[in-house]
Structure formats: C-alpha cells, structure tokens
Amino acid sequence: ASNEPERRGQQYRRIFSGLGASDIHVVHAEKGATPDDLLLIENATGIFVTGGDQEKLMSCLRRTGCAAAIVNAVRGGAVYCGTSAGAAAVSKKMIFARAVENGREVIGVAEGLGLVPSVIIDQHFSERQRLPRLLDAVRRHGLTGVGLDENTAAVFEGGSKARVSGASSVTVIKDDEIRVAADGELLPL
C-alpha cells in the first residue's frame, strides 16, 4: 500500500530478522499473489501488514486473495500485526481519507479485514488530531473507536479485550465516553 513497496519489504525483512524471526517471506499483493504466496500466508504464524493507503491496501489484498488468506491464518492462530494502513485494516469498517474538497479531507469508510469487527481503528491519532473524525465514525457506525498513537499498539486477545503497548497512548471511544490508556493498561472495550 506504500509508494515504495520493495524498499519497505527489505526494511521490514531486516527488522524482523534482527528480532530473531526466521523463515520471513515478503508478499507484494500490489503485484499479485501466487498460489504459493497464499499458502505461505495461510500457514504463517505471524503476519505483518505495512502502511500506506488503506483503500489501496484492501483493494490489493482482496483482488489477490490475500485478504481471505490472512483471515484464515488468524482464525487458525496466526498473530496479525499492522502499522498505519495495516492497523486500520484490522477493523470490519475502516476509515480512510478519500479526497480533498475545498481544502478539506473527505473521510470515507470501507470494508477492512474484520479481524476485530466491533471496533473501528484510526491511526496516527494524536499526532494528526483525528479525534473529530473517529467520533464521527463511531456515531455513524455504532462501533467502539480505537485511536492509535504512533509507536503504540492495541494488543487484542480474542477480540474481546486489549492491552496498550508502546511509547504513547490509545484513545477509546465507547458510548460517547472517551478514555485514554497508556502502556500496560487494559482498554475499556
């Protein structure tokens, strides 16, 4: 989903290798996916999806069958991790910026992977002051909003509970109540 997928793939291969991961495979869904790629995804123990354009990401993942392979892998016990667009895609409903009209972003909502169907996630949350757009999405779609700050994760366990991990915080919007949680805290889902 990024403008530099080859460079991103190499960068993350080095990072995960340095962390001790073995048997690392990079799949570039924007170029297509082979049956072997889909088999690798479905049998993965961990899946990492990079950032970029959310709408482009989901289009590539669906068109190539990678979306279904990811969902099957996670249902089978694989760990899913995403950054930026990859984080937004975990929701069933996914926020994205569609276009600029009269100097303003027009916010769209599209279908994500649905791995955590009861939430809608917005990323780069505090850094880009996205509280108003997440509030709007929560109210329009009746979901729990999760705003992820940079360098911070919401670690979901079974979809019903999550814990914050990282340098900043996670904002949760549920029933018009806004709560902010920091590293180690449980999220009020």
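Keep in mind that the numbers below use all heavy atoms, side chains included, and drop hydrogens, waters and symmetry copies.
Closest approach of S84 to H124, counting heavy atoms only: OG-NE2, 2.8 Å. For the residue pair A73 and I47, the shortest heavy atom distance occurs at CB-CD1, 3.6 Å. Minimum heavy-atom separation, F125 to L131: CZ-CA, 3.5 Å. Residues A78 and G46 share a closest heavy-atom pair of CB-N, 4.4 Å. Of all heavy-atom pairs between P5 and H28, the closest is O-CE1, 3.0 Å. Closest of all the heavy-atom pairs between D176 and R139 is OD1-NE, 3.2 Å.
Proximity of T171 to V146: side-chain heavy atoms (C-beta onward) are nowhere separated by under 4.5 Å. Contact annotation: the side chain of L38 approaches that of C66 to within less than 4.5 Å [non-hydrogen atoms, C-beta and beyond]. Contact annotation: the side chain of S17 approaches that of I24 to within less than 4.5 Å [non-hydrogen atoms, C-beta and beyond]. Proximity of L187 to V164: side-chain heavy atoms (C-beta onward) are separated by under 4.5 Å at one or more points.
Judged by distance alone, the side chain of D53 and the main-chain N or O of E55 form a donor-acceptor pair under 3.5 Å. In terms of modelled atom types and a separation under 3.5 Å, the side chain of E185 and the main chain of A182 share a donor-acceptor contact. Distance alone, capped at 3.5 Å, is enough to place a donor-acceptor pair between the E127 side chain and the E150 backbone. Put simply, the side chain of K174 never gets that close to the backbone of T144: no donor and acceptor are under 3.5 Å apart. A distance-only check finds no donor-acceptor pair linking the side chain of R179 to the backbone of V172 [under 3.5 Å]. A distance-only check finds no donor-acceptor pair linking the side chain of N72 to the backbone of A69 [under 3.5 Å]. Judged purely by atom type and a 3.5 angstrom limit, D183 uses its side chain to pair as donor or acceptor with the backbone of G166.
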- Step-by-step side-chain contact (heavy atoms from CB on, under 4.5 Å) determination, I173 to V138: CA-CA 7 Å; I173 304 168; V138 165; 4.1 Å; yes

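To the nearest 0.5 angstrom, Q54 atom CD is 11.0 Å from M58 atom CE. Atom CZ of R130 and atom CG of D136 lie 14.0 Å apart (nearest 0.5 Å).
For R140, the CZ atom counts as densely surrounded, since its 6.0 Å shell holds more than 12 non-hydrogen atoms of other residues, nucleotides or ligands.
Applying the side chain to side chain contact (heavy atoms under 4.5 Å, CB included) test between V170 and each of V180, L148, D149 identifies L148 as the sole match.
The hydrophobic cluster containing F16 does not contain L40, counting ILVMFWY residues as joined when their side-chain heavy atoms lie under 4.5 angstrom apart, directly or transitively. At a threshold of 4.5 Å between side-chain heavy atoms, the hydrophobic network of Ile, Leu, Val, Met, Phe, Trp and Tyr places V26 and Y12 in two separate groups. Note on L189: it clusters hydrophobically with L115, by side-chain heavy-atom contacts below 4.5 Å among ILVMFWY residues. By the rule that hydrophobic residues join a cluster once side-chain heavy atoms approach within less than 4.5 Å of another member, I120 and I178 end up as members of one cluster. Note: the hydrophobic cluster containing F156 does not contain L186 (ILVMFWY, side chain heavy atoms under 4.5 Å, direct or indirect links).
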Show every donor-acceptor pair shorter than 3.5 Å between a side-chain atom in residues 86-96 and any protein atom, with sequence neighbours excluded, or say none if there are none.
residue, atom, partner, partner atom, Å
S91, OG, I121, N, 3.1

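Classification of R128 and D122 as a salt-bridged pair fails, no side-chain N sitting under 4.0 Å from a carboxylate O.
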